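Structure first, commentary second.
All of these numbers come straight from a predicted model, not from anything done at the bench. Below, each value reflects all heavy atoms present in this structure, side chains not excepted, and no hydrogens, waters or symmetry copies.
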Amino acid sequence: MAIVGAVVLLVVLIALGGYFLYRSLPGTGPSVSANASEAASSAGDEARDMGALYIRVIGESSNVFVRIPGGDVLHDQVIRQGGSINFADAGEGLEVAIDDPSAVEVFVNGELRDVSDEDPGYSFTISGES
């Protein structure tokens, strides 16, 4: 009887492992779609709330480093897909470095800055004066 129970438990564990492996594969999760007018409308609303610097990860992940020029580090972490950071005010300015520019969308003062073609480790500075 113990052997039968062990076999059943093994089969259940293999089935669960297969299920969770399948769910972890890219493209097997729920998909989201929106028409162009909805996307444009929400992008316009979002731009007003972005502040001085808004970075959203659209690729797999990227390390993002943000600091006050010559001073305190404000952010130095990997951001995963769908994650974002936002700095409402540039204060004295911000130095930004992005490990994988093709994986992020960068907005400076609400305006998209295309960094997708830049080399890994791309960095730029935002002036504190708006």
Side-chain angles (χ1 to χ4, degrees):
M1 190 59 127
I3 294 174
V4 171
V7 169
V8 169
L9 180 62
L10 179 63
V11 169
V12 169
L13 289 176
I14 290 173
L16 284 173
Y19 171 75
F20 288 114
L21 176 64
Y22 172 76
R23 294 280 300 178
S24 69
L25 296 174
T28 58
S31 63
V32 177
S33 63
N35 65 34
S37 63
E38 289 175 352
S41 169
S42 66
D45 295 340
E46 202 173 280
R48 287 189 288 268
D49 299 329
M50 289 184 179
L53 176 66
Y54 178 79
I55 300 173
R56 174 177 45 217
V57 177
I58 56 174
E60 188 173 325
S61 66
S62 180
N63 187 60
V64 177
F65 177 83
V66 181
R67 75 175 185 172
I68 297 170
D72 295 337
V73 173
L74 303 175
H75 187 274
D76 186 13
Q77 294 181 353
V78 173
I79 304 174
R80 306 252 178 251
Q81 185 176 38
S84 64
I85 60 169
N86 184 2
F87 292 91
D89 185 13
E92 302 167 22
L94 298 173
E95 290 180 353
V96 182
I98 301 170
D99 281 356
D100 186 0
S102 65
V104 299
E105 288 181 330
V106 177
F107 293 85
V108 177
N109 296 318
E111 294 182 20
L112 178 64
R113 179 179 286 189
D114 186 11
V115 298
S116 60
D117 293 336
E118 301 294 338
D119 293 329
Y122 174 70
S123 63
F124 59 96
T125 302
I126 298 174
S127 171
E129 301 168 4
S130 296

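- The shortest non-hydrogen separation linking Ala90 to Ser127 is CB-O, 3.7 Å.
- Under a hydrophobic-cluster definition in which Ile, Leu, Val, Met, Phe, Trp and Tyr are linked whenever side-chain heavy atoms come within less than 4.5 Å, directly or via other members, Ile126 and Tyr54 are assigned to different clusters.
- Considering only residues two or more places apart in sequence or on other chains, Leu16 meets the side-chain contact (heavy atoms from CB on, under 4.5 Å) condition with Val12, Phe20.
- Every residue was checked against the ring pair (Phe, Tyr, Trp, His ring centres under 6.0 Å) condition with Phe87, not counting sequence neighbours, and none meets it.
- Through direct or relayed side-chain contacts under 4.5 Å between Ile, Leu, Val, Met, Phe, Trp and Tyr, Leu9 connects to Leu13.
- Applying the salt bridge (charged side-chain N to carboxylate O under 4.0 Å, His left out) criterion to Glu92, with sequence neighbours excluded, gives no partner residue.
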Under 3.5 Å, which donor-acceptor pairs link side chains of residues 69-80 to any protein atom two or more places apart or in another chain?
{"unit_1": "His75", "atom_1": "ND1", "unit_2": "Val64", "atom_2": "O", "d": "3.0"}
{"unit_1": "Asp76", "atom_1": "OD1", "unit_2": "Asn63", "atom_2": "ND2", "d": "3.3"}

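- Connection of Val115 to Leu112 is not established within any shared hydrophobic cluster, with ILVMFWY side chains joined at heavy-atom distances below 4.5 Å, either directly or through further cluster members.
- For Glu118, there are no side-chain hydrogen bond (donor to acceptor under 3.5 Å, both in side chains) partners, not counting sequence neighbours.
- Here the CD-CD1 distance, from Glu105 to Ile55, works out to 11.5 Å after rounding to the nearest 0.5 Å.
- Every residue two or more places apart in sequence or in another chain was checked for a side-chain hydrogen bond (donor to acceptor under 3.5 Å, both in side chains) with Ser123, and none qualifies.
- The ring pair (Phe, Tyr, Trp, His ring centres under 6.0 Å) search around Phe65 returns none, not counting sequence neighbours.
- Put simply, Phe124 and Phe107 are part of two different groups of oily side chains (I, L, V, M, F, W, Y) that touch within less than 4.5 Å, one to the next.
- Nearest approach of Ser62 to Val57, heavy atoms of both residues: N-CG1, 4.5 Å.
- Shown here are the side-chain contact (heavy atoms from CB on, under 4.5 Å) partners of Ser116, two or more places apart in sequence or in another chain: Asp114.
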Contacts table for residues 94-101: side-chain donor-acceptor under 3.5 angstrom, sequence neighbours left out:
{"unit_1": "Glu95", "atom_1": "OE1", "unit_2": "Arg67", "atom_2": "NE", "d": "2.6"}
{"unit_1": "Glu95", "atom_1": "OE1", "unit_2": "Arg67", "atom_2": "NH2", "d": "3.0"}
{"unit_1": "Asp100", "atom_1": "OD1", "unit_2": "Ser102", "atom_2": "N", "d": "3.4"}
{"unit_1": "Asp100", "atom_1": "OD1", "unit_2": "Ser102", "atom_2": "OG", "d": "2.7"}

